[in-house]
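For reference, the structure discussed in these notes is given below.
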Amino acid sequence: ESDAPIGVLPEYGLRYCRSVTPFGERIVFADMSSEQAMLSHLLQTCAVIAVLCFAAFLLISWLLARWAVQPVEKAWQQQRQFVADASHELKTPLTVIMTNAELLNSPDFDQAHRSQFAAHILTMSRQMRQLIEEMLDLARTDNGQGTLVFSPVDLSRLVNDAVLPFKPVFFERGLTLTADIQEHITVSGSQQHLRQITDILLDNAQKYSSPAGEVTVQLTRQGGRCRLSVS
């Protein structure tokens with residue numbers, strides 16, 4: 001039906017070539033089904049490769065984005081942890097200071113007790129100032145870690161000194177605080193952090209004890225070690 005010398009009959013899957021010779025018009029047909037099958041296979045392969053490349057691109061982009069965000073996420077988590085630790089560390093001395101200040105203004109106590117309350121306030125204020133200074137130093141460091149200074153610490157005396165400011169706090173809440181501390185127990189450690197741990201244990205005890213409860217602080221030797229418990 002076509003006068004073109006070269007053409008395609010897609011409905012038959014044939015390619016033809018028309019030519020005029022001295023012997024008449026001749027038409028040569030060639031089967032193109034293999035070409036069509038190859039072309040279809042090539043298109044499918046290209047489509048699969050395109051989908052895989054797109055998926056690989058998305059995966060690589062996600063991994064790179066996650067890798068790039070990790071330092072920011074880590075810094076954010078460290079900041080949140082720092083704020084939480086700072087709040088917890090500062091609440092303990094503030095609780096002791098406020099309780100002793102209220103008792104100091106109470107007319108129910110004599111001058112000896114008031115002097116004791118004032119001494120407790122001064123002790124916890126100094127501890128609070130030291131905490132704030134250390135937190136500022138910690139915030140300035142890049143790695144988020146401070147250095148610990150280990151030295152011989154009289155743990156018996158340290159625990160006794162930690163218990164004294166808390167006695168008014170427990171008294172105000174109607175709690176009983178008793179101490180069973182063996183003398184002359186010495187350890188190698190950071191005196192400030194051991195004191196912080198003891199204060200946190202005592203603060204948690206006065207917060208979560210049942211009404212009219214009794215809290216016992218024990219420090220005992222156990223072979224070459226020692227055991228501190230607040231129950």
Side-chain angles (χ1 to χ4, degrees), residues 1-2 4-17 28-98 124 127-151 153 187-208 225 228-230:
E1 298 177 357
S2 176
I6 299 176
V8 176
L9 300 174
E11 61 271 17
Y12 298 106
L14 297 174
R15 188 188 305 277
Y16 70 87
C17 179
V28 178
F29 294 93
D31 185 11
M32 54 180 294
S33 60
S34 61
E35 296 180 22
Q36 291 178 339
M38 184 179 296
L39 180 61
S40 177
H41 180 69
L42 182 61
L43 290 175
Q44 292 178 0
T45 303
C46 291
V48 172
I49 293 175
V51 172
L52 292 177
C53 290
F54 183 71
F57 174 76
L58 288 180
L59 179 61
I60 293 173
S61 301
W62 179 74
L63 292 175
L64 289 176
R66 186 177 179 183
W67 173 77
V69 172
Q70 277 183 350
V72 179
E73 183 180 2
K74 183 178 179 180
W76 175 248
Q77 290 178 352
Q78 289 179 346
Q79 183 179 5
R80 292 180 61 184
Q81 186 64 39
F82 177 81
V83 173
D85 293 342
S87 301
H88 195 282
E89 292 282 352
L90 293 176
K91 277 182 180 179
T92 301
L94 280 174
T95 300
V96 177
I97 290 173
M98 292 176 63
M124 300 308 291
Q127 181 180 343
M128 190 173 177
R129 182 182 64 181
Q130 188 175 5
L131 281 173
I132 293 175
E133 291 176 352
E134 289 194 350
M135 289 176 183
L136 292 175
D137 292 337
L138 182 62
R140 295 189 188 101
T141 59
D142 294 331
N143 57 5
Q145 296 180 353
T147 56
L148 296 178
V149 179
F150 285 82
S151 61
V153 178
V187 298
S188 177
S190 170
Q191 180 172 350
Q192 176 206 344
H193 291 87
L194 289 172
R195 176 60 184 267
Q196 289 177 16
I197 291 173
T198 308
D199 289 342
I200 290 173
L201 292 174
L202 290 168
D203 185 50
N204 288 337
Q206 64 91 13
K207 285 179 181 177
Y208 302 112
R225 299 175 181 270
L228 170 65
S229 67
V230 179

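For the atom pair CG (Leu59) and CG (Leu52), the distance works out to 12.0 Å, reported to the nearest 0.5 Å. Between the CE atom of Met98 and the NZ atom of Lys91 there is a distance of 12.0 Å, given to the nearest 0.5 Å. Put simply, NE2 on His193 and CD1 on Ile200 are 10.0 Å apart, with the number rounded to the nearest 0.5 Å. The distance from atom CD1 of Ile197 to atom CG of Leu202, rounded to the nearest 0.5 Å, is 12.0 Å.
Residues Ile6 and Cys17 come closest through the heavy atom pair CG1-SG, 4.2 Å. The minimum heavy-atom distance linking Asp31 with Leu14 is given by the pair CA-CD2, 4.0 Å. Closest of all the heavy-atom pairs between Leu194 and Thr198 is O-OG1, 2.9 Å. Residues Met124 and Pro93 approach most closely at CE-CA, 3.6 Å, considering heavy atoms.
Atom NZ of Lys207 sits in a crowded spot, with more than 12 heavy atoms from other residues, nucleotides or ligands closer than 6.0 Å.
Proximity of Met38 to His41: side-chain heavy atoms (C-beta onward) are nowhere separated by under 4.5 Å.
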